[in-house]
Amino acid sequence: MDASSQHQSSSQHDRDRDFLEAKCTWDGVQIPDPEEINPVPTYKHKRPPHKIPQPGPIDRDIQALVGKLGLKEKIGQMTQIEVGQLLDCNGELNVTAVQYWIEEWGVGSFLGTPANHGGKYQWYSAKKFSELTDSVQKIALEYGPKLPIIWGLDSVRGANFIKGAAMFPAGIATAASFNTSLAYDAGRITAKDTRAAGVHWAFAPVSDLSVNKLWPRVYENFGEDPELSARMTAASIRGYQGNYKHDRSRVAACMKHFTGYGYPFDGQDRSNRHIAEHEMLEYYIPPFKAAIDAGVATSMESYGVVNGVPMAMSHRYLQEILRDQLGFKGTLVSDFGEINSQASTYFTARDIRQATWATLNRTSVDMSMVPEDDSFSQTTLDLVKEGYITEARIDESVARILQLKKDLGLFSQPFADPDLLNKVGSAQDVEASRDSVRESVTLLKNKDGVLPLKPAERILYIGPTLNSTRFMGGGWNVFWQGPTDEEGDAVYQGFGDTILDGIKRVTGTEPLYFEGTDIYGSELVDVGPITEAARLADKIVVGLGESPYAEIEGDIGNLRLPQNQLNLVYTVAEASHKPIVVVLVEGRPRILDAVANVADGIVQAYLPGTYGGLPIAEILFGKVNPSGRLPYTYPAFESQASTTIWQPSFSDYNPQWAFGFGLGYSRIEYSNITVSSNSLKVGKPITISLNVTNHGPYAQKEALLLFTNQEYRFDMAPEHMRLRDFAKVGLAVGEMEQISFQLSAEQMGFWDSELKKRIEPSPLNIYINPYTQANIATQVQLDVDPDFILAQA
């Protein structure tokens, strides 16, 4: 789910209001869930089959079940309501409200965590959460159509709304690892912990491209590149779903947001996107195609409009492209309130009635994330009765929804599995989350070998992000917007760490720390003691970054970090003239101004999650060799906010740091690049090989990124560079390994302005890690018929 409207829900159904007010005893202040969590340290899990099950076709028993339901019951299956509508004024489950939604409207799906919608607890344990979902499930089996409900939750980076569950790095950080196995692990563990709570549907992975870096959802995605996002998306889906039609520790994944959401023209969430259709097909669609090929069970359409056209009502995108061309057969859900928003927000419909009519008649949307009233149910019922929507169209969606429920095993066992409870927050899972951080943190600058630090050095630590768990977590972390200033780190009840905690563990000493300024850069504090300590220090580590945010609440007008955060660096630099290392904890690449030059070392930690402190400390002190690569272009100026590695080659590409850039502590040599043929033809892929040697002094995990660039391309400007493949290898000191990639002419296909996918003959330049390794390049001839057409949209 996306939930710009996730808030403390105060409304309850009118018929219960007087009763509820008479019984209200709660002051509305959420409290910690008192449930103790004592997970097993390790557990066994199943690997999925090589090819995970695909959604569809519709089984005969499901077809028969659809035929037995009344019209109102069918529409109820297409209706999704947020959990706040099921809670009373004491933050507890309101059984009468549940009965109303089930019996009156036959609602088939609920979503969200009570913590975001007026629930009693700040962070619900899997046990408390499952007690609630099981109670709702029991009512669903006794009232109305007596069908199990499917519960959806934004488990986007671990089961981030479940107390004690291992929280993983944000998607942007996982992408920086260039290791798809880490995306798989995160998906598998997320699914297990989500299912333990009685939730069957994860609204993830997020497969948008992070194009405009102002956009507040950059951190949720797998970066700006189609190939990287596609590979990470597919691995993530394998993790979430596995053999989901038989394995009840898995959930239905949901690719979102289809499509083009990541390029709002001004960087503000849900702003209009100006994307030509051939560009949409070339860059934005491939991650979703990869998701469908991987067997994703569900999809969510995108907020807002593209070229002024509302996505929720787009026949072109939600029927012709998604269903007919890409072959998606799963369940399609609207985003939060998007059908009604056509009338209330975008003004693309006269009223809710017209918006509902257009969505159901033009598109293949199956379920409306309404989420707070009966408007969709009542309006759809009226439209069908009046002949404006056919019942056959309703049957089509209901069949897909009920098939999804069957595939997830809800007809045979709709309740949470208590055997999963003691696996939530396992030490094994925490270590997996830390491993992901270890491979994602990206070293951007290391002047004169300022890193790694040495335990014997006198280090001064300053800055707001070094001593905070919630800043490492960011948004979608306990709450939609993350913990507030008032809640702070106490909300985690010890399930997490900080960078300072990690430093204590690595060095065995208490770090000398001053905050210096708050996360908002309100003012500089303790300047005198800080400058005095800086003069006495050997080195200074400064933690900068962002406060938590999600969606529209994270909109900003410019990319610069708060001035006083930058001033903190300038102050200690001027006062001490000592080497400075900056650690960035941020969801999007914030412009650093002169800090990029003043700092001797710069470490990009992204949003590493609540257990990121120890891995970051290990990297700072050389216990782990950094191996992350930037999954986006890091801008130097505001004008570069939408600069990408795949922009036209005639445009300047001179960012602060390029896509794919990243350093390590070892000297890695690339040599002897060869190709199996100097001619690249359709149906005859070539092999590119090279030797990679680690000259030490540390073991190194090395990400190898293969790019291409066409010197010219008739009638369509070639890209600066396109990522075509990548691999990651571990090398001991002194070890050499030969790495090979395959490259096909078909990969050079591109969508042109006539919506034809074709290949243009030209010299083709091939590069391996061009921004970290000089002269590792070769050239072949792309030898194809210019009239050869791969596809037609």
Side-chain angles (χ1 to χ4, degrees), residues 1-3 52-58 77-78 80 109 111 150 152-156 171 187 191 200-209 217 220-222 226 229-230 232-234 236-241 244 250-262 280-281 284-304 306 310-339 359-360 362-369 396-405 407-408:
M1 159 192 90
D2 290 342
I52 67 174
Q54 301 274 330
I58 308 301
Q77 291 300 300
M78 299 171 66
Q80 189 174 60
S109 182
L111 79 153
I150 182 171
L153 190 64
D154 284 282
S155 292
V156 295
H200 330 98
W201 187 5
F203 298 131
V206 186
S207 301
D208 307 303
L209 296 188
R217 308 198 71 165
E220 298 180 48
N221 307 285
F222 294 125
S229 180
M232 289 291 177
T233 290
S236 181
I237 287 165
R238 284 178 57 80
Y240 276 102
Q241 289 188 190
Y244 77 106
R250 306 290 181 135
V251 296
C254 181
M255 63 177 193
K256 65 180 188 182
H257 310 80
F258 194 85
T259 181
Y261 188 19
M280 189 77 85
L281 293 168
Y284 299 86
I285 296 293
F288 295 99
K289 182 181 186 305
I292 293 167
D293 291 345
V296 70
T298 75
S299 178
M300 184 184 296
E301 58 83 27
S302 174
Y303 276 130
V306 176
M311 187 57 65
M313 299 194 306
S314 173
H315 176 78
R316 175 61 175 156
Y317 283 108
L318 299 189
Q319 181 61 52
E320 291 181 1
I321 293 179
L322 179 63
R323 298 289 189 182
D324 301 340
Q325 293 182 23
L326 297 180
F328 177 61
K329 294 181 173 58
T331 299
L332 175 61
V333 63
S334 80
D335 212 327
F336 201 86
E338 272 298 274
I339 295 179
T359 299
L360 294 182
R362 292 179 175 179
T363 81
S364 61
V365 168
D366 297 311
M367 183 181 290
S368 173
M369 194 183 289
E396 178 184 311
S397 285
V398 174
R400 284 195 284 256
I401 293 165
L402 293 178
Q403 184 66 53
L404 174 64
K405 293 183 178 184
D407 290 344
L408 288 165

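Treat the numbers as computed from the prediction; the structure is a model and nothing was measured. Throughout, numbering of the chain's residues begins at 1 and tracks the sequence.
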Contacts table for residues 325-333: side-chain donor-acceptor under 3.5 angstrom, sequence neighbours left out:
{"from": "Thr331", "atom 1": "OG1", "to": "Arg400", "atom 2": "O", "distance (Å)": "3.3"}

Point to revise | Residues which pass side chain to side chain contact (heavy atoms under 4.5 Å, CB included) with Pro310, listed by chain and number, not counting sequence neighbours | key: Val305, Met313, Gln342, Thr348
**Study point:** Side-chain donor-acceptor contact under 3.5 Å, Arg250 with Tyr240
**Key:** no
Check your understanding: Is there a side-chain contact between Tyr317 and Met280 (heavy atoms, below 4.5 Å)?
Key -> yes
Practice item. Give, for atom CD1 of Ile401 and atom CD1 of Ile150, the distance between the pair rounded to the nearest 0.5 Å. Key: 9.0 Å
Exercise for review: Decide yes or no on side-chain contact (heavy atoms from CB on, under 4.5 Å) for Glu338 and Tyr303, but give the supporting numbers first.
Suggested key: CA-CA 7 Å; Glu338 272 298 274; Tyr303 276 130; 3.1 Å; yes
Practice item. Output all residues satisfying side chain to side chain contact (heavy atoms under 4.5 Å, CB included) with Pro226, sequence neighbours left out; order by chain, then residue number. Key: Leu209, Tyr283, Pro286, Trp646, Arg722
Exercise for review: Would you sort out whether Met369 and Met300 count as a side-chain contact (heavy atoms from CB on, under 4.5 Å), showing the intermediate values?
Suggested key: CA-CA 10 Å; Met369 194 183 289; Met300 184 184 296; 3.8 Å; yes
**Study point:** Val156 vs Lys256 side-chain heavy atoms within contact, under 4.5 Å
**Key:** yes
Review point. If every non-hydrogen atom of Met311 is compared with every non-hydrogen atom of Thr259, which pair is closest and at what distance?
Key: CE-O, 3.4 Å
Check your understanding: Between atom CD of Gln80 and atom OG of Ser109, what is the distance when rounded to the nearest 0.5 Å?
Key -> 3.5 Å
Revision key, fill the gap. Residues passing the side chain to side chain donor-acceptor pair (under 3.5 Å) test with Thr363, sequence neighbours excluded, are none
Review point. Side chains of Asp366 and Val398: closer than 4.5 Å at any heavy-atom pair?
Key: no
**Study point:** Set of residues satisfying side chain to side chain donor-acceptor pair (under 3.5 Å) with respect to Gln319, sequence neighbours excluded
**Key:** Asp324
Review point. Ala230: what forms a side chain to side chain contact (heavy atoms under 4.5 Å, CB included) with it, not counting sequence neighbours?
Key: Ala290
Revision key, fill the gap. Sorted by chain and residue number, the side chain to side chain donor-acceptor pair (under 3.5 Å) partners of Thr233 (sequence neighbours excluded) come out as Ser207
Check your understanding: Say you draw a straight line from CG of Asp407 to CD of Gln241; how long is it, rounded to the nearest 0.5 Å?
Key -> 9.5 Å
Practice item. Looking only at non-hydrogen atoms, find the nearest pair between Phe222 and Gly171 and report the distance. Key: CD2-O, 3.3 Å
Point to revise | Criterion salt bridge (charged side-chain N to carboxylate O under 4.0 Å, His left out) on Asp293 and Arg238, from CA distance to verdict | key: CA-CA 11 Å; Asp293 291 345; Arg238 284 178 57 80; over 6 Å; no
Review point. How would you list, by chain and number, every residue that makes a ring-ring contact (aromatic ring centres under 6.0 Å, His included) with Phe288, sequence neighbours excluded?
Key: Phe258
Point to revise | Spatial distance of atom CD (Glu301) from atom OG (Ser364) [nearest 0.5 Å] | key: 10.5 Å
Revision key, fill the gap. Smallest heavy-atom separation, Ile339 atom then Ser334 atom, equals CG1-CB, 4.3 Å
Point to revise | 4.5 Å side-chain heavy-atom contact, Arg217 and Val206 | key: no
Point to revise | side chain to side chain contact (heavy atoms under 4.5 Å, CB included) against Ala252, all qualifying residues, sequence neighbours excluded | key: Trp201, Ala297, Thr298, Leu404, Leu408
Point to revise | Partners meeting side chain to side chain donor-acceptor pair (under 3.5 Å) with Arg316 (sequence neighbours left out) | key: Glu277, Glu320
Check your understanding: Is any side-chain heavy atom of Ile237 closer than 4.5 Å to a side-chain heavy atom of Pro205?
Key -> yes
Practice item. Check whether any side-chain heavy atom of Tyr261 lies under 4.5 Å from a side-chain heavy atom of Tyr284, and answer yes or no. Key: no
Review point. Do you know which two heavy atoms are closest between Met367 and Gln77, and how far apart they sit?
Key: CE-O, 3.6 Å
